[in-house]
Amino acid sequence: GAVVSQHPSRVICKSGTSVKIECRSLDFQATTMFWYRQFPKQSLMLMATSNEGSKATYEQGVEKDKFLINHASLTLSTLTVTSAHPEDSSFYICSASRVAGQYDTQYFGPGTRLTVL
Amino acid sequence: QKEVEQDPGPLSVPEGAIVSLNCTYSNSAFQYFMWYRQYSRKGPELLMYTYSSGNKEDGRFTAQVDKSSKYISLFIRDSQPSDSATYLCAMGKTSYDKVIFGPGTSLSVIP
């Protein structure tokens, strides 16, 4: 159990367009979902934390108007990269925390590779 | 000082060797500790996680946590070429809080 999926797995877009990435918890309900970004040869950096039904909390230096996060249900969170530019090209990874699991862990999706031309 | 520090390597070992990967951290509020393996261009794969000080074993992997020293380790016994990957330590306060990742250690196991 505890499977998290992401869609799409890979996307290539032109500069200036918007891209939506979905993160789904397939077999559990997630009160909290997290969005991370990973540049080549670097570690994962948290971008924002989203709780179902409320506004996301963004890490310092992450533009909330550029990276729109919606956590509409206990199984789905979306990240929209608006007006994407080449410097937004990265590996975007989500994770989800189960509702009932104080001593549980977060479960990560397989990631979405975004390339902005 | 970074919250989580990890030797980036690269680390190269012969097949069958015991591998030791380590991280140190500065935030005493961290209560749970994880190790992830990441192959090139793939998402991180959870290997182990623990909330306790001491050792936790799973197959060829042993995670060790020393909260008093703020030091965690991952040991890989009988290392295999398929273990060649980047290993990331990560830690947090609870599973509901953000996770802080170390920079990762690149491991190569040579046949």
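First the proteins, then the strands, lettered A, B, ... as listed; each starts at 1. Because the structure is a prediction, the values reported are computed rather than measured. All values below were derived from every heavy atom in this structure, side-chain atoms included, with hydrogens, water molecules and symmetry-related copies excluded.
- Here A:I12 is tied into one hydrophobic group with A:L117, each link being a pair of ILVMFWY side chains closer than 4.5 Å.
- Applying the 6.0 Å contact sphere to NZ of B:K93 captures no more than 12 heavy atoms from other residues, nucleotides or ligands.
- Heavy atoms of B:Q38 lying under 4.5 Å from chain A belong exclusively to its side chain.
- In this structure, the portion of A:Q38 lying under 4.5 Å from any heavy atom of chain B is its side chain and not its backbone.
- Other cluster members for A:F39: none, since no ILVMFWY side-chain heavy atom sits under 4.5 Å from it.
- Listed for the A:S43 side chain is no donor-acceptor partner under 3.5 Å among the backbone atoms of B:G104.
- Heavy-atom neighbours of A:M45 CE from other residues, nucleotides or ligands within 6.0 Å: at or below the threshold of 12.
- The hydrophobic clustering, which links ILVMFWY residues whose side-chain heavy atoms are closer than 4.5 Å, places B:F75 and B:M34 apart.
- Hydrophobic cluster membership is shared by B:L47 and B:V4, with clusters built from Ile, Leu, Val, Met, Phe, Trp and Tyr side chains linked at under 4.5 angstrom.
- No other option in A:T112, A:L44, A:L46 has as many heavy-atom pairs under 4.5 Å with chain B as A:L44.
- In the hydrophobic cluster analysis, where Ile, Leu, Val, Met, Phe, Trp and Tyr join through side-chain heavy atoms closer than 4.5 angstrom, A:F67 is grouped together with A:L114.
- Taking each heavy atom of B:K98 and A:E59 in turn, the nearest pair found is NZ-OE1, 3.0 Å.
- Close placement of the B:F101 and A:F108 rings is indicated, their centers lying within 6.0 Å of each other.
- Residue-level contacts of residues 58-72 of chain B with chain A do not occur; threshold 4.5 Å between heavy atoms.
- A:W35 and A:L68 end up in different hydrophobic clusters when Ile, Leu, Val, Met, Phe, Trp and Tyr side chains are linked at under 4.5 Å.
- Identified by a heavy-atom distance below 4.5 Å to chain B, the contributing residues of residues 81-94 of chain A are A:F91, A:I93, in residue-number order.
- Note: the hydrophobic cluster containing B:L74 also contains B:F30 (ILVMFWY, side chain heavy atoms under 4.5 Å, direct or indirect links).
- Note: A:Q106 CD to B:Y36 OH = 6.5 Å, rounded to the nearest 0.5 Å.
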